[in-house]
K.L.:
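One structure, as structure tokens, below. Some questions next.
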Amino acid sequence: MTLYLDVIWLLNWLFDCLLLYWTAIILKRRVALWRVCIGGLVGSFIIVLAFTPFYAIADRVYMKILVSLVMVLATFGFNRLKLFMKSVATLYFVTFLSGGILLGLHYLFEFQIVSKDPGQYAGINRFGDPVSWIFVMIGFPLAWQFSKRTLEGMEMTKLTHEQMVSVSVKISDFEGTFHGLVDSGNQLYDPITRSPVMIISLSGGETGIPNDMLELFKNPDNLISQEVQPEYSWTGRMRVIPYKVVGHEHQLLTAIKPDYIKIVQEEKEFHVKQGLVSFTFQQLSPDNSYQSIVHPKMLTGIPVQNAS
């Protein structure tokens, strides 16, 4: 029998790329195509390994798990262990779902319950294969729990994605666009003007912000601890917002009055006339899927049609 190794490898690579791409869609992750291709290439390595002197390793369970872990690492990277394991679980869910569909279609059209060869099922008694029944009795509850937890995680990801918006902010020479999450729990207001406040993470996006303001955003307590307040570059735009968090009753937040705030939600575009922006260097999202927490009141105005 002739085997075309290059064709087998290419099909496996493409299929692994499709599985990773489907995983990215379910997780609502923005992943570069080249990273998906590298992840698929890692997955196809196990096919090449099967035709080498180390073919026995390719059948080991630990090798298959190791390859899948490297596939996820190459495609999605590593931020937190919990997020990484969620990506691995989703990849396995997509793989099992795809394999189950293909296997089901195969048995639907090809499998014959009554075989023409009476010796084919000689080892099966009238109750079926006992090993298969044991496998089903143990495996089905495990599969049900795995599917239930994975689907719950997918539902939470979907709910989060539905609250995602695009935020554009301009303050003097600073101008940036961020992915934002509309958070109904954000109830920060300027106590004087009642302007809502959004939070923006500046991790890697500090271009255009004066150095003295960056230092203030890194150490916001300086605004309180210093007896003589220096003159900051954005002093005329600064507002001090009191707020409360668990374990701390009285906290102060530095907010800035921007030139404009534009929020795009699907086909709607909101121009926020009254709004403040507070900057932080803390990462707001574990997977960096959003860099801003948007006040829900900023989306209560009359939207304009998004030209894009």
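If you're wondering where the values come from, they're calculated on a predicted model, not measured in any experiment. Hydrogens, waters and symmetry mates play no part in the numbers below; they use all other heavy atoms, side chains included.
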K.L.:
Taking ring pair (Phe, Tyr, Trp, His ring centres under 6.0 Å) as the test, write out the residues that go with W234, two or more places apart.
P.N.:
none
K.L.:
Give, for atom OG of S172 and atom CG of D259, the distance between the pair rounded to the nearest 0.5 Å.
P.N.:
7.0 Å
K.L.:
What verdict does the side chain to side chain donor-acceptor pair (under 3.5 Å) test give for R29 and T23, after you've listed the backbone C-alpha separation in whole Å, the side-chain angles of each residue and the deciding distance to 0.1 Å?
P.N.:
CA-CA 9 Å; R29 303 273 184 85; T23 302; over 6 Å; no
K.L.:
Yes or no on side chain to side chain contact (heavy atoms under 4.5 Å, CB included) for I46 and K64, after CA distance, side-chain angles and deciding distance?
P.N.:
CA-CA 8 Å; I46 202 167; K64 297 176 183 178; 3.8 Å; yes
K.L.:
Using the side chain to side chain contact (heavy atoms under 4.5 Å, CB included) rule, pick out the option among V272, V294, L276 that qualifies with I261.
P.N.:
V272
K.L.:
Would you sort out whether S292 and M198 count as a side chain to side chain contact (heavy atoms under 4.5 Å, CB included), showing the intermediate values?
P.N.:
CA-CA 7 Å; S292 172; M198 78 162 55; 3.7 Å; yes
K.L.:
Side chains of Y290 and M164: closer than 4.5 Å at any heavy-atom pair?
P.N.:
yes
K.L.:
Could you check V169 against V167 for side chain to side chain contact (heavy atoms under 4.5 Å, CB included), going step by step and ending with a plain yes or no?
P.N.:
CA-CA 7 Å; V169 176; V167 178; 3.8 Å; yes
K.L.:
Verify the cluster assignment for L18 and I38: are they in a single hydrophobic cluster under the rule of side-chain heavy atoms below 4.5 Å apart?
P.N.:
no
K.L.:
By ring pair (Phe, Tyr, Trp, His ring centres under 6.0 Å), which residues pair with F84, not counting sequence neighbours?
P.N.:
F78
K.L.:
Mind checking what makes ring pair (Phe, Tyr, Trp, His ring centres under 6.0 Å) contact with Y189, not counting sequence neighbours?
P.N.:
H295
K.L.:
Using the six-membered ring wherever Trp is involved, compare the ring planes of F174 and F279 and label them parallel, tilted or perpendicular (cut-offs 30° and 60°).
P.N.:
perpendicular
K.L.:
Got a second to check how far L10's CG is from N12's CG, nearest 0.5 Å?
P.N.:
9.5 Å
K.L.:
Taking the six-membered ring of F76 as reference, does the NZ or CZ atom of R35 fall below 6.0 Å from its centre and within a 45° cone about the axis?
P.N.:
no
K.L.:
Quick one, I57 and Y62 - any side-chain contact, counting heavy atoms below 4.5 Å?
P.N.:
yes
K.L.:
Not counting sequence neighbours, which residues clear side-chain hydrogen bond (donor to acceptor under 3.5 Å, both in side chains) with D190? List them please.
P.N.:
T193
K.L.:
Does I293 belong to the same Ile/Leu/Val/Met/Phe/Trp/Tyr cluster as L253, with side-chain heavy atoms less than 4.5 Å apart forming each link?
P.N.:
yes
K.L.:
Holding to side-chain hydrogen bond (donor to acceptor under 3.5 Å, both in side chains), I want the full list of residues that pass it with S168, two or more places apart in sequence or in another chain.
P.N.:
T177
K.L.:
Quick one: closest heavy-atom pair of P196 and Q274, and the distance?
P.N.:
CD-O, 3.3 Å
K.L.:
Which distance, rounded to the nearest 0.5 Å, do you find between the NZ of K262 and the CZ of F270?
P.N.:
13.5 Å
K.L.:
Any cation-pi pair here, K218 with F281, using under 6.0 Å and within 45°?
P.N.:
yes
K.L.:
Do I25 and L83 belong together in a cluster built from hydrophobic side chains that touch within less than 4.5 Å?
P.N.:
no
K.L.:
Under the side-chain hydrogen bond (donor to acceptor under 3.5 Å, both in side chains) rule, collect the residues that match up with S44, sequence neighbours excluded.
P.N.:
W9
K.L.:
Please determine whether side chain to side chain contact (heavy atoms under 4.5 Å, CB included) holds for the pair W13 and V48, giving the CA-CA distance in whole Å, both sets of side-chain angles, and the decisive distance to 0.1 Å.
P.N.:
CA-CA 11 Å; W13 180 23; V48 179; over 6 Å; no
K.L.:
So do I200 and T280 actually touch side chain to side chain, heavy atoms under 4.5 Å?
P.N.:
no
K.L.:
Say you draw a straight line from NE2 of H271 to CE of M298; how long is it, rounded to the nearest 0.5 Å?
P.N.:
14.0 Å
